Amino acid sequence: MCGIIGYAGNKNPMPILIGGLKRLEYRGYDSAGIAILNAKKFYVQKSVGKIEQLVKKISYRQNIEGGVGIGHTRWATHGKPTLTNAHPHNSCDNKIWVAHNGIIENYKDIKNQLIAKGHKFKSETDTEVIPHLIEEYSKKGFDFKKSVRLAMSDIKGTYALTIINSDEPDKLIAVKNSSPLLIGITKNGQYFAASDATALLTHTREIIYLNDKEMAVLNGTGYQIETISGQSINKKIEVLKEKEESIQKSGFPHFMLKEIFEEPEAVENAINGRLIYKEGTAKLGGIETIKNELSKINHLTITACGTAYLAGQIGEYLVEELSGVSSKVEYASEFRYKNPVIKNNSAILAVSQSGETADTLAALYEAERKNCLTLGIVNVVGSSIARQTHAGIYNHAGPEIGVASTKVFVSQLSVLILLALFLGRQRNLSLTEGKKIIMELSSLPKKMRQILKQAPLIKKMARKYSKFDNFLYLGRKYNMPIAYEGALKLKEISYVHAEGYGAGEMKHGPIAMINKNFPSVAIATTNSVYEKMESNIEEIKARNGRVLAIATKGNKKITKLADDVIYIPKTLEPLEPILTVLPLHLFAYYFGVLRGFDVDKPRNLAKSVTVE
Ligand code: G6P
């Protein structure tokens, strides 16, 4: 959701900014723009739609020898995705250009005050007040840095900003508050600002993560980092480990398919080095320091958004079943605004791929304010959520580029199993049970690869069902959230109506919709609730509904009930979701492709939801 790239150095900023914007495309956007400043001359271009549209409008041959530049992909919040609303935005005197990710909450008041002072606005965005506000301070005689600082003290809201100013043409100022922003540095005078590290991988691996209310001043000869109030700070330089291939399609037609095929590896990466077989438990370095506190907790709230929330739903069941610690999953967007009761000896666990989801971060702030122990399961190292929590576990799933989360979902499930196992072994879970879980968890990647071999069959199923526009996904217990996830994926990338439901609730509503044109996907694996699922399937069939079932290998009986069956290998019931979700991810992928959609960048969706 909105991507920012900035550059200061002696190379032509144009291809660097365009390359960076392409790398940020996956975050979700609907317009894009750049502003470059070289020898007091600005080169500005914007376009609606994909980066290719922007590229068509500019010439790479424009020989700009160094300078500063800012680029932006905009995901519309205030005002439609039009050329006028696209960033960067400028001041009345055209000297100051700004790209912004976040929301300026008091922009209406500021805008009115600025209009009263004679400022003219062109766009409907909240962002446009920023260059005008900086201009106002510059007119009073403050230098660029001081004017930015004063402007920041006037605005309320969230922001990652990159700002250039032709009065001080060698500088790029980057400021952060709640929205993600990091700085990339090199040894040869190239400096970058970006929303995330994937945009910078081809240029540098040396990164400085900005904290909230910090700003960086970059130019071709160096960088300075200060707080917004002007205190200079020494920041640690982190070195990224991500491989360049992890952000390439590597022969796959889409990132989504590549990432589904990486699901077994995502499980391996989540569990590798973390299983202690002889003790039947997990070794989780990130929570080692708080293990005593964890042995005393009697409640765990899990909070997250989107697909991560669905992983959290399974986490709730896992924690209760394996450890006996009471657990509840809550939408972060709800948790942050209600008045959550936080009892002594409880903890909150935020689950987030990006580590930047605004609601999840805000839920953590709320929990922290109430003195709750905060934990995280996060994929992006150094992200805001990772830094906000007291302790946490990284997924190590590598970058996920497809907007719809797939490999990180199974990685989140794997880590949740490890955490539940760890809490369980601190309490009453027996060594034998612990060992059984470890053995089975280790065998999952192999079983997942067997499911992936069925991709051609699943593609055939997707073709068979691709004529339908409504779907009901049903599951029980551990597979109820998988029914939600299957439906969510189909809806996200195919734009068909799909509803996930707890099968036990089917009779309380959804059954009214069933007919021959309203198929159901039923997760009916051989487990403690299999017979119940079988009855649900019978009920659908009695109403002429079609059923595509996900069943356990060896269950021949189900072929007589369901219209179509996709088999998965047998595993322990709490681990089943890691297997049952795989055919549903593939089904959604093929369905979306067959309908002709860009499955990696579904319309209106953003990978990283950095505004609420
Ligand atoms: C967006 C993405 C989803 C993701 C959700 C939560 O909606 O499109 O794929 O599950 O945000 O994101 P997080 O980064 O916190 O896991």
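As the structure lists them, so they are numbered: ligands from 1, and atoms in each ligand from 1. It should be emphasised that the depicted structure is a prediction, and the values quoted were computed from it without experimental measurement.
At least one heavy atom of Val403 sits less than 4.0 Å from an atom of ligand 1.
Near Ser352, meaning under 4.0 Å from any of its heavy atoms, are these atoms of ligand 1: 13 (P), 14 (O), 15 (O), 16 (O). When each atom of ligand 1 is checked for a heavy atom of Ser405 under 4.0 Å away, the hits are 9 (O). Close contacts between ligand 1 and Cys305 involve ligand atoms 5 (C), 6 (C), 10 (O) [criterion: under 4.0 Å to a heavy atom]. Per-residue contacts place Ala308 under 4.0 angstrom from the following atoms of ligand 1 (heavy atoms of the residue considered): 10 (O), 16 (O). Near Thr307, the atoms of ligand 1 lying under 4.0 angstrom from a non-hydrogen atom of the residue are 10 (O). Listed by number with element, the atoms of ligand 1 under 4.0 Å from a non-hydrogen atom of Gln353 are 13 (P), 14 (O), 15 (O), 16 (O). Interface of Val609 with ligand 1, defined as ligand atoms under 4.0 Å from a residue heavy atom, comprises 1 (C), 7 (O), 11 (O). When each atom of ligand 1 is checked for a heavy atom of Lys607 under 4.0 Å away, the hits are 1 (C), 2 (C), 11 (O).
Cation-pi check for Arg603 over Tyr495 is met; the charged atom lies under 6.0 angstrom from the ring centroid and within 45 degrees of its normal.
In this structure, the ring of Phe591 has its center no less than 6.0 angstrom from the ring center of Tyr465. In this structure, the ring of Phe261 has its center less than 6.0 angstrom from the ring center of Phe252.
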Donor-acceptor contacts under 3.5 Å from residues 582-590 side chains, at least two apart:
residue, atom, partner, partner atom, Å
His585, ND1, Glu263, OE2, 2.7
His585, NE2, Glu485, OE2, 2.7
Tyr589, OH, His254, ND1, 2.7

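Arg387 and Gly382 make their closest contact through NE-O, 2.7 Å (heavy atoms, listed as atom of the first residue, atom of the second, distance). Considering every non-hydrogen atom in both Glu321 and Tyr478, the closest pair reads OE1-OH, 2.7 Å.
Between Thr360 and ligand 1, a contact under 3.5 Å exists for no N or O pair.
When the heavy-atom distances from atom 12 (O) of ligand 1 to Val351, Val380, Thr357 are ranked, the shortest goes to Thr357. For atom 8 (O) of ligand 1, the nearest non-hydrogen atom from the set Ser354, Ala606, Ala304 belongs to Ala606.
Between Lys407 and the options Gln412, Glu259, Glu262, a side-chain hydrogen bond (donor to acceptor under 3.5 Å, both in side chains) holds for only Glu262.
Classified by interplanar angle (parallel below 30°, tilted 30° to 60°, perpendicular above 60°), the ring pair Phe468/Phe471 is perpendicular.
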